[in-house]
Amino acid sequence: MKLNELIKPTAPLQVIGNAQAEVTGMEIDSRKVGNGCAFIAMRGTQVDGHTYIAKAVEQGASVVVCETLPDTLADGVTYVQYASTEAVVGPLATHFYGDPTQRMKLVGVTGTNGKTTIATVLYNMFRSFGYKVGLCSTVCNYIDGQAVPTECTTPDPITLNRLLGEMADQGCDYAFMEVSSHSVAQQRIGGLTFAGGLFTNLTLDHLDYHKTLENYRDAKKGFFDMLPENAFAITNVDDKNGLFMVQNTRATVRTYSLRAAADFKAKILEEGFDGMNLEMNGREVFVQFVGRFNVSNLLAIYGAAVMLGHSPEEVLVALSAMKPVNGRFEAIRSKEGVTAIVDYAHTPDALVNVLQTINDVLQHKGTLWTVCGCGGNRDKTKRPVMAREAVKMSDRVIITSDNPRFEEPQEIINDMLAGLDADQRRQTLAIVDRREAIRTACMMAQPGDVILVAGKGHEDYQIIQGVKHHFDDHEVIRECFGITN
């Protein structure tokens with residue numbers, strides 16, 4: 001694409017050099033720049049891309065997009081200056097990759113918990129309807145049936161638009177995407193057009209980045225503020241922030257709830273560890289999911305599918321065939337009758353939801369063991385809260401490591417234990433090695449007991465001192481249970 005065509009949707013302060021330069025690609029990482037690329041210098045939270053302009057030019061960049069021009073301008077390179085590269089990288093990437101969201105319908109899911117389940121089940125459901133579908137999620141990205149590994153919930157604007165462009169090029173009719181608060185605050189979704197947006201809930205998370213709960217909330221709300229008037233916005237009115245999220249949106253608003261009057265409603269008729277019998281908008285359906293939090297997720301899914309034009313009957317039939325997402329309330333049973341639940345719960349609210357669900361089903365007919373930890377180099381304020389909630393709602397708790405990254409695992413555990421009083425500590429063990437912690441719970445559990453292994457879910461690694469080691473909670477549990485297949 002010619003540079004003057006690329007920058008047409010934006011308003012640069014100035015262009016120095018050849019505006020007709022051919023742009024073969026776009027990158028924000030100088031290490032990925034090749035001949036003919038446009039290098040976008042971004043001021044990130046850790047690194048300022050402007051310091052790598054010379055490196056990008058060495059790598060073959062023919063265009064540099066920046067806020068501050070370098071002292072020396074290289075021959076044969078065109079410089080495009082903007083007031084904010086963060087504000088324009090999304091629109092530039094969208095235009096470069098052929099406006100993918102004009103060629104398919106994109107639906108975004110935001111909130112603290114539930115994003116992965118909702119986006120993934122919608123992806124699976126719409127594939128079952130016969131569509132070609134894309135998915136952008138924490139677990140994995142998919143272009144119809146082709147897996148594309150992911151490293152974060154919402155990629156940078158160039159990676160994201162490249163992925164969405166491939167989806168559109170391969171004929172995808174729909175794409176479902178998790179929208180993180182970081183992606184809204186950092187304008188990673190700028191330039192994209194959403195056909196719909198869903199809000200799940202808002203609880204304590206990411207305060208290491210947003211600093212206050214209000215900033216975190218407002219970032220989520222920003223997603224709904226940007227929805228066009230021909231889109232839909234579906235919000236959870238059981239959450240106190242549900243109506244706040246959509247108060248300024250131009251989109252058509254629909255609500256869902258387990259407790260209040262809403263467009264999409266449900267109640268649990270019967271539940272066990274294998275699923276629930278629900279009444280959803282007056283119709284009965286059995287689903288292979290467990291817990292009130294999953295009923296809420298399923299309502300959002302039901303609402304989105306209906307708003308996208310499918311009949312309630314068709315959606316309920318599809319819902320009954322859907323399975324839980326990997327690492328989301330996933331049950332593994334031993335031959336002796338011990339049930340282990342693997343769940344990604346890594347926030348206080350998510351942990352409470354899972355523990356409440358287990359207690360509702362268990363009904364004091366067995367001991368509930370909880371194995372959990374907190375990630376390193378992340379929000380420290382939730383550590384004592386996580387420990388308190390675990391102890392409050394479990395019979396026995398084992399606190400252990402969960403991706404300590406560059407922190408000392410014992411220090412993270414100490415931060416968690418600081419939230420407990422003397423009595424609570426007596427029902428708590430601290431075992432730094434996660435494998436040993438899980439093995440201990442499995443050895444001590446009796447038939448009829450339930451073990452919750454929380455925090456990592458689908459992840460198959462541990463990050464220790466910055467090094468990623470293979471580690472899978474499922475594998476450790478199956479080994480302890482003597483399950484070979």
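All figures in this text were calculated on a predicted structure; none of them were measured in a lab.
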Problem set entry | Working for ring pair (Phe, Tyr, Trp, His ring centres under 6.0 Å), residues Tyr123 and Phe176 | CA-CA 6 Å; Tyr123 161 79; Phe176 299 100; 8.0 Å; no
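- At least one test fails for Arg254 against the ring of Phe232: distance under 6.0 Å to the centre or angle within 45° of the axis.
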For this session: Please assess Met125 against Val315 for the test side chain to side chain contact (heavy atoms under 4.5 Å, CB included), listing each intermediate value before the final yes or no.
Result: CA-CA 8 Å; Met125 177 183 287; Val315 177; 4.0 Å; yes
Problem set entry | Worked check of side chain to side chain contact (heavy atoms under 4.5 Å, CB included) between Thr120 and Val139 | CA-CA 9 Å; Thr120 305; Val139 178; 5.7 Å; no
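- Residues that satisfy the side chain to side chain contact (heavy atoms under 4.5 Å, CB included) test with Ala251, not counting sequence neighbours, are Leu227, Ala231, Ala233, Thr249.
- Applying the salt bridge (charged side-chain N to carboxylate O under 4.0 Å, His left out) rule to Glu459 yields the partners Lys456; only residues at least two apart in sequence or on another chain are considered.
- Under a cut-off of 6.0 angstrom, the local environment of CD in Gln288 is crowded, with over 12 non-hydrogen atoms contributed by other residues, nucleotides or ligands.
- Within the structure, ring pair (Phe, Tyr, Trp, His ring centres under 6.0 Å) pairs that include any residue of residues 39-75 do not occur (at least two apart or interchain).
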Problem set entry | Pair Ile412-Cys374, side chain to side chain contact (heavy atoms under 4.5 Å, CB included): steps then yes or no | CA-CA 7 Å; Ile412 299 171; Cys374 286; 4.0 Å; yes
Problem set entry | Criterion side-chain hydrogen bond (donor to acceptor under 3.5 Å, both in side chains) on Asp239 and Asn236, from CA distance to verdict | CA-CA 6 Å; Asp239 186 283; Asn236 178 11; 5.3 Å; no
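- The pair Asp433-Arg435 fails the salt-bridge criterion, with no side-chain N (NZ, NE, NH1 or NH2) lying under 4.0 Å from an Asp/Glu carboxylate O.
- The salt bridge (charged side-chain N to carboxylate O under 4.0 Å, His left out) check on Asp473 picks up Arg434, with sequence neighbours excluded.
- Judged purely by atom type and a 3.5 angstrom limit, Asn353 has no side-chain atom pairing as donor or acceptor with the backbone of Phe293.
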Problem set entry | From CA spacing to verdict: side-chain hydrogen bond (donor to acceptor under 3.5 Å, both in side chains), Thr235, Tyr256 | CA-CA 6 Å; Thr235 191; Tyr256 66 95; over 6 Å; no
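- Residues forming a salt bridge (charged side-chain N to carboxylate O under 4.0 Å, His left out) with Arg127 (at least two apart in sequence, or on another chain): Asp144.
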Exercise. Yes or no on side-chain hydrogen bond (donor to acceptor under 3.5 Å, both in side chains) for Thr347 and Asp349, after CA distance, side-chain angles and deciding distance?
Worked result: CA-CA 6 Å; Thr347 65; Asp349 185 68; 5.6 Å; no
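- Partners of Glu27 by salt bridge (charged side-chain N to carboxylate O under 4.0 Å, His left out), not counting sequence neighbours, listed by chain and number: Arg162.
- Taking the six-membered ring for Trp and the full ring otherwise, Phe194 and Phe223 have centroids separated by under 6.0 Å.
- Thr193 contributes no side-chain N or O that, together with a main-chain N or O of Thr101, makes up a donor-acceptor pair within less than 3.5 Å.
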Problem set entry | Verdict with reasoning, Glu407 to Arg383, per salt bridge (Lys or Arg N to Asp or Glu O under 4.0 Å) | CA-CA 14 Å; Glu407 286 194 68; Arg383 292 175 183 174; 2.6 Å; yes
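- Using a 4.0 Å cut-off between charged nitrogen and carboxylate oxygen, Lys221 and Asp225 count as a salt-bridge pair.
- Heavy-atom contacts from other residues, nucleotides or ligands closer than 6.0 Å to NZ of Lys105 number 12 or fewer.
- You'll find the ring centres of Phe329 and Phe289 outside the 6.0 Å limit.
- Taking the centre of each ring, His458 and Tyr344 come in below the 6.0 Å mark.
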For this session: Evaluate side chain to side chain contact (heavy atoms under 4.5 Å, CB included) for Ser180 paired with Thr110, printing each intermediate quantity in order.
Result: CA-CA 6 Å; Ser180 68; Thr110 196; over 6 Å; no
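- Using modelled atom types, no side-chain atom of Ser183 and backbone atom of Arg188 make a donor-acceptor pair closer than 3.5 Å.
- A salt bridge links Glu5 to Lys8: one of the charged nitrogens lies within less than 4.0 Å of a carboxylate oxygen.
- Looking only at distances, a side-chain donor or acceptor of Asp173 sits under 3.5 Å from a matching main-chain atom of Lys132.
- Side-chain rings of Phe264 and Tyr302 approach one another, their centers coming within less than 6.0 Å.
- Put simply, the side chain of Gln186 never gets that close to the backbone of Glu86: no donor and acceptor are under 3.5 Å apart.
- Using a 30° and 60° split on the angle between ring planes, Phe126 and Phe129 fall in the perpendicular class, above 60°.
- Atom CD of Glu479 sits about 14.5 Å away from atom NE2 of His474, to the nearest 0.5 Å.
- Atom-to-atom distance recorded for Ile463:CD1 and Asn403:CG is 5.0 Å, nearest 0.5 angstrom.
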